[in-house]
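What follows is a short report on a single structure.
Both ligands and their constituent atoms are indexed starting at 1 by order of listing. Heavy atoms only: backbone and side chains are in, while hydrogens, waters and symmetry mates are out. Treat the numbers as computed from the prediction; the structure is a model and nothing was measured.
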Amino acid sequence: MIKESFVIEGLAGKKSLKGEIRVGGAKNAALPAMASAFLFKGEIKLENVPDIEDVKRMFELLEELGVLVRKNPKNLSLDAKNAKKTELPKEISKKMRASIILTGPMLARFGQVSFPHPGGCLIGERPIDIFLEGFKKMGATVKETDSIYKVEAKNKKLKAAEIFFKIQSVTATETFLMAALLAEGKTVLRNCALEPEVTSLAEFLVSAGARIDGIGTSTLTIEGGELLNPPHAPYVTIPDRIEAGCFLILGALCASDLEISNCHPKNLLALIEPLKNAGVPLEIKENSILIKNNGKIQNEKFKSFNIKTHEYPGFPTDLQAPAVVFLTQASGESSVFETIFEGRLNYTSDLVKMGADIKIWDAHRGSVKGATLLKGKELEGPDIRAGLAFIIAALAARGRSVISNVYFIDRGYEKIEKRLKAIGAKIKRATIIFP
Ligand code: EPZ
């Protein structure tokens with residue numbers, strides 16, 4: 001079988017990467033901002049949009065739905081003026097859970113929307129009950145036939161509602177924030193997700209005249225109304241805090257001096273603090289993080305720390321896998337508690353094959369003993385975030401690794417091999433024939 005792969009030569013613990021690595025726009029901010037096109041009378045502009053596979057899929061979805069999409073490397077223009085379709089295309093929507101964000105603004109604009117069940121995935125079950133309950137609260141009916149949900153608002157207009165999210169859900173908060181803007185009356189959303197991507201979306205909508213109170217808190221109050229006028233200023237995608245976190249871990253393990261530029265360290269304190277306590281030499285600036293004189297003392301190991309994933313501002317589940325790679329290289333035993341998704345420790349079996357000492361106790365809990373020498377192996381990227389964690393592990397390891405399933409990595413990270421090469425990593429993209 002032929003598979004596109006990354007071939008990586010490990011540094012065997014040497015800290016030889018150096019230079020500057022720039023953080024791109026956040027996937028999870030760009031996707032909801034793209035979905036917001038349905039809330040506007042005319043064309044909106046988005047900047048600093050990462051050139052990644054998930055953005056391309058959202059782009060294709062919008063085009064299929066009749067949105068006029070123009071792209072000029074990292075800048076997008078989206079105009080939903082002539083969009084009429086209300087069915088999300090099955091193929092793409094099923095492959096990308098984030099497609100569900102479209103349901104809120106589409107339902108609010110057209111009074112109906114149908115979409116496939118986005119399905120579970122390797123990181124967990126990923127139910128959609130919060131969405132379905134919320135739509136009903138806003139006066140819509142939900143019918144399910146052959147795994148396609150058809151949601152219809154009474155008289156084609158959603159009604160404002162008081163919604164308490166039983167779990168803080170990033171995508172559900174964004175979906176109902178957008179739906180409420182075109183509903184009749186004042187909606188109150190409680191137990192909202194606090195992730196910076198939610199705040200960034202809300203601030204953009206406010207810049208277009210939306211009336212939203214409580215931005216940055218767990219209660220959002222939204223005044224419903226008509227379609228919004230596009231704002232003069234474009235939406236500028238915030239830096240990807242997860243990408244920044246991955247580069248930070250990579251730098252801690254493999255770089256002597258590294259500048260992680262164009263990031264917002266204040267959104268990443270849940271990782272920065274434990275890394276500092278572990279002994280990683282970090283200098284924090286407003287928009288960059290410097291790793292300086294790392295690895296000066298030969299064979300000195302960082303101290304391990306425990307991880308418990310949590311909604312923002314807690315430790316992000318999307319950084320759990322890269323942080324576990326760090327812990328395999330730190331001295332001591334640490335516990336890992338993945339509280340958000342139940343399949344998100346599965347990737348650890350591959351780290352164990354590389355030589356890591358990791359025990360998994362149940363679907364949510366494990367422990368890591370370090371420091372262990374990792375050896376290069378053939379690995380398959382299981383999801384976006386664990387995929388990049390494998391690249392970090394392969395660079396820290398001794399010997400050559402081949403990581404296939406690069407599509408998952410390309411879903412979330414732009415031209416990763418080019419950017420890592422620029423700081424000295426030996427990584428190349430190759431088409432490999434597997435027996
Ligand atoms: C967002 O997913 C991110 N995706 C994920 O990043 C991230 O891992 C996750 O938030 C948690 O931070 C995007 O922003 C596009 P949730 P989301 O709804 O919104 C449960 C990546 O690689 N839940 O906040 O889908 C759910 O099962 C991705 O970029 C329900 O029970 O996650 C989970 O346990 C992966 N019912 C918890 O809520 C529902 O109807 C939080 O998930 C919805 C969610």
Side-chain angles (χ1 to χ4, degrees), residues 24-36 50 52-55 57-58 61 93 95-104 115 117-137 142 149 151 163-178 189 191-201 218 237-238 240-246 267 270 309-322 337-344 346-347 363-364 381-389 407-414:
K27 164 176 91 68
N28 293 343
L31 296 176
M34 289 172 79
S36 78
I52 53 175
E53 292 299 324
D54 270 16
V55 164
R57 296 299 85 74
M58 183 59 100
L61 271 175
S93 312
K95 274 192 220 139
M96 188 175 68
R97 159 99 184 177
S99 62
I100 201 163
I101 304 174
L102 287 163
T103 59
F115 60 98
H117 192 294
C121 69
L122 275 157
I123 64 171
E125 286 277 320
R126 311 201 79 180
I128 58 165
D129 52 329
I130 297 176
F131 295 83
L132 303 180
E133 282 161 25
F135 294 144
K136 289 183 199 157
K137 282 230 158 126
V142 179
Y149 293 92
V151 187
I163 300 176
F164 176 83
F165 297 118
K166 63 178 180 185
I167 298 175
Q168 282 188 344
S169 159
V170 177
T171 312
T173 304
E174 293 162 348
T175 300
F176 286 95
L177 165 65
M178 291 194 274
L189 304 176
N191 202 23
C192 293
L194 305 175
E195 269 66 3
E197 294 75 23
V198 178
T199 301
S200 170
L201 173 70
S218 63
T237 314
I238 55 171
D240 195 318
R241 65 197 162 94
I242 305 302
E243 186 174 275
C246 289
N267 292 342
T309 64
H310 197 281
E311 295 82 4
Y312 187 84
F315 196 94
T317 169
D318 288 345
L319 282 176
Q320 180 256 107
F337 186 5
E338 167 56 59
T339 67
I340 315 279
F341 294 113
E342 61 283 356
R344 234 181 184 179
N346 295 345
Y347 71 90
H364 291 277
D383 70 79
I384 305 177
R385 308 305 178 184
L388 191 52
Y407 178 74
F408 276 118
I409 299 170
D410 292 338
R411 280 186 62 180
Y413 305 97
E414 185 178 325

Using a 4.0 angstrom limit on heavy atoms, which residues are close to ligand 1? Lys27, Asn28, Arg97, Ala98, Ile123, Arg126, Pro127, Ile128, Asp129, Ile130, Phe131, Ile167, Gln168, Ser169, Val170, Thr171, Thr317, Asp318, Ile340, Phe341, Arg344, Ile384, Arg385
Can you label the angle between the His117 ring and the Tyr149 ring as parallel, tilted or perpendicular, going by 30° and 60°? tilted
Does either side chain, that of Tyr413 or that of Asp240, offer a donor lying less than 3.5 Å from an acceptor on the other one? no
Thr173 and Gln168 side chains, donor-acceptor separation under 3.5 Å: no
Please tabulate, one pair per line, all N/O donor-acceptor pairs under 3.5 Å involving side-chain atoms of residues 129-136, not counting sequence neighbours.
{"unit_1": "Asp129", "atom_1": "OD2", "unit_2": "Lys166", "atom_2": "NZ", "d": "2.3"}

For a quick test of reading the model, state the closest non-hydrogen atom pair linking Ala386 to Asp383 and the distance between them. N-OD1, 3.2 Å
Any salt bridge between Asp54 and Arg97, counting N to O under 4.0 Å? no
